[in-house]
Each structure stands twice: as structure tokens, then as C-alpha cells.
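Since this is a predicted model, take the numbers as computed values, not measurements. Count residues from 1 along the sequence.
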Amino acid sequence: MTEPGYVHPPSPGWWERTNRIGTAESDITVESSASGVRAPMYYPKKMQPASPRVGPMALRKAKRGWRVAGIWGGRPPNYEGVGAGAKGAQSVSWVDTIPAATNFAVVWLSNMSTLASPSVTVTVGGTSATQVSGSPYYFTFDGTHYYHVQCFVLANPPTGASKTIAVAKTAEGGNVSASAVYFSNVTSYGSVTTASGLTPTNASLTVPGTDGRRLYTQAFSYRTTGSNTFSAYNQTQRFVATGGYFTEPIIIGDAPGNGGSLSFTATRSETTYDWGGMALPLNPA
């Protein structure tokens, strides 16, 4: 059997085949001679796939360990730490050591207010955080006060020791309870999911169609008559604070997406009044 492109040489003589790479096509050069070099003859052949071991293909392959199919890369958001938190006043603050790897801060708060849309500002290490679309979410009204869950975010917060996190609202009645959660490998965030329920149900929120590359940070609160709290949180709990005088309890946690519906649940120590919750998806690097 002869090779494609083989030309039987005269005798005596020799033959040689070389590959020539061009910009538009690849040719096989066949030279044959009985006594010397003659003009080459070119036999076009079909284009061959680029080698994955050289050139741009190799660069793309080298990055594949950090990427997965889809619009995001392969480094999922990672939990780095949680704040000390504070509660029991219209404006509260606390001091955290924000981990060095942090590139995204999420501040959750429960808020009892005389306004349906209270005026709240949050700063992390002196830098203003942004309230996400869909927040504040109020889940019940008792005729005088609205009960809210609120969420603020800050990309690339200042890191290190002695960073003050401050939550302040106008003098409108009611108090706040808040804490911050710190993450790395976050590029952006998605749309919130909200849920609420009536007495005597426990807190439950389901995020439909979750993505396994995302991490979902979440919080619940409820209207209470005293120092009540949450327990039996079904995902990874990061922070919990009891209620108090004009101050509502809060629980904060997170879970990675599972490719389908993702549920968050928690048990209330009092079920006389209504509850509410929010979940925020964090997008990977």
C-alpha cells in the first residue's frame, strides 16, 4: 500500500515528502529526481484540525482547569468569615477583622420601622454599601410598624483588622439587628428571591432553578413579642441573633446551588406572628 501523495520515483533516484504550513491551506510537497532536484509538485489536501498542544489551542486548554461550561469560570464563591453583628437600636455598629481574601461583603438586617420603605445606610470600613434591588422586603404590617428583611452589598471592601460596619436609619421608630458575611471569588450577584408566611408556620424559602456554580446567601426574620430566636436551620448557619424590645430576630446562612430547587428552612421559637426571608445568589469568578 502506498501513502497518499506518493509518486513512484524513477530508478535510480530518490523521493522526499515534506509538509508545508500556509495561511490558507496545507500542501504536501513531493519532489522526485533521477539525478538531481526538480521543481516540486504540490498536492493539496484537506485542512487538518489545529493541534491542541501548540498555539492558541494550547493556551485555551491550559486554562481549562479553571473553567467550566457556561458564562462563569470555575472558581465558586467561597465563605471567608462572618461579622460580630449588633442589634437593639435604630443605628448600630460593630468592629470586624475582614479576612484578606474577601472581595465581597453582604450585610443582612432585620428592621422594624414605621415606614414601608425605610431610609437605611450601611458602610463597611467607611465605604458605602449598596442596597440590592428587591430590598427592603417587608413581610407584615401591624397597623403601626412594618417588618423588613434588608440586604446590602459591597464589592472589594477594605480588608484587615479594626474595620467598622455601621448601619444607620432615620428616627422612625423600631430597631435593627444586623451582621455581615464575607466572601471571596465573587464577581457579581443575581436577583433576590423572597418569601413570607403567616402564623403558625415556620420559615421556609425555595429558590427555583439554582446553579451549582453559584452560592446563595440567605436570611430570615419574623415579628416577635420578646427575646425569641431561630433554630434547626437546614443549611449552613453563619449568624443568629435573638429578638428583643422593638428588635426582631435574624438568622443568616448560605448554600451552594444544586442545579434544581434549593430550600432554606428554620424553626421559630414563637409562631404568633408572620415571618419573611430573602435569598441572594452570588456569581463565581
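Taking NZ of K163 as the start and OG1 of T127 as the end, the distance is 9.0 Å to the nearest 0.5 Å. For the atom pair N185 CG and L282 CG, the distance stands at 11.0 Å (nearest 0.5 Å). The CG atom of L198 sits 7.5 Å away from atom OG1 of T140, with the distance rounded to the nearest 0.5 Å. One finds the CG atom of L205 at 12.0 Å from the OH atom of Y216 (value rounded to the nearest 0.5 Å). For the atom pair CH2 of W275 and CD of E270, the computed distance is 15.5 Å after rounding to the nearest 0.5 Å. Atom CG of N234 sits about 7.5 Å away from atom CZ of F264, to the nearest 0.5 Å.
The salt bridge (charged side-chain N to carboxylate O under 4.0 Å, His left out) check on D254 picks up R238, with sequence neighbours excluded. For the ring-ring contact (aromatic ring centres under 6.0 Å, His included) test, residues two or more places apart in sequence or in another chain that qualify with Y146 are Y138, F141. Residues forming a ring-ring contact (aromatic ring centres under 6.0 Å, His included) with F152 (at least two apart in sequence, or on another chain): none.
Nearest heavy atoms, A84 versus F239: O-CE1, 3.5 Å. The two atoms that bring P249 and S221 nearest to each other are O-OG, 2.7 Å, heavy atoms only.
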Run the side chain to side chain contact (heavy atoms under 4.5 Å, CB included) check on L262 and T206 step by step: do they pass?
CA-CA 6 Å; L262 178 64; T206 298; over 6 Å; no

Carefully, step by step, assess V181 and I252 under the rule side chain to side chain contact (heavy atoms under 4.5 Å, CB included).
CA-CA 9 Å; V181 193; I252 301 168; 3.7 Å; yes

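Between F220 and V149, every side-chain heavy-atom pair lies at or beyond the 4.5 Å cut-off. Side chains of E80 and F104 form no contact here, defined as non-hydrogen atoms less than 4.5 Å apart.
Between F230 and Y222, a ring centre-to-centre spacing shorter than 6.0 Å is recorded.
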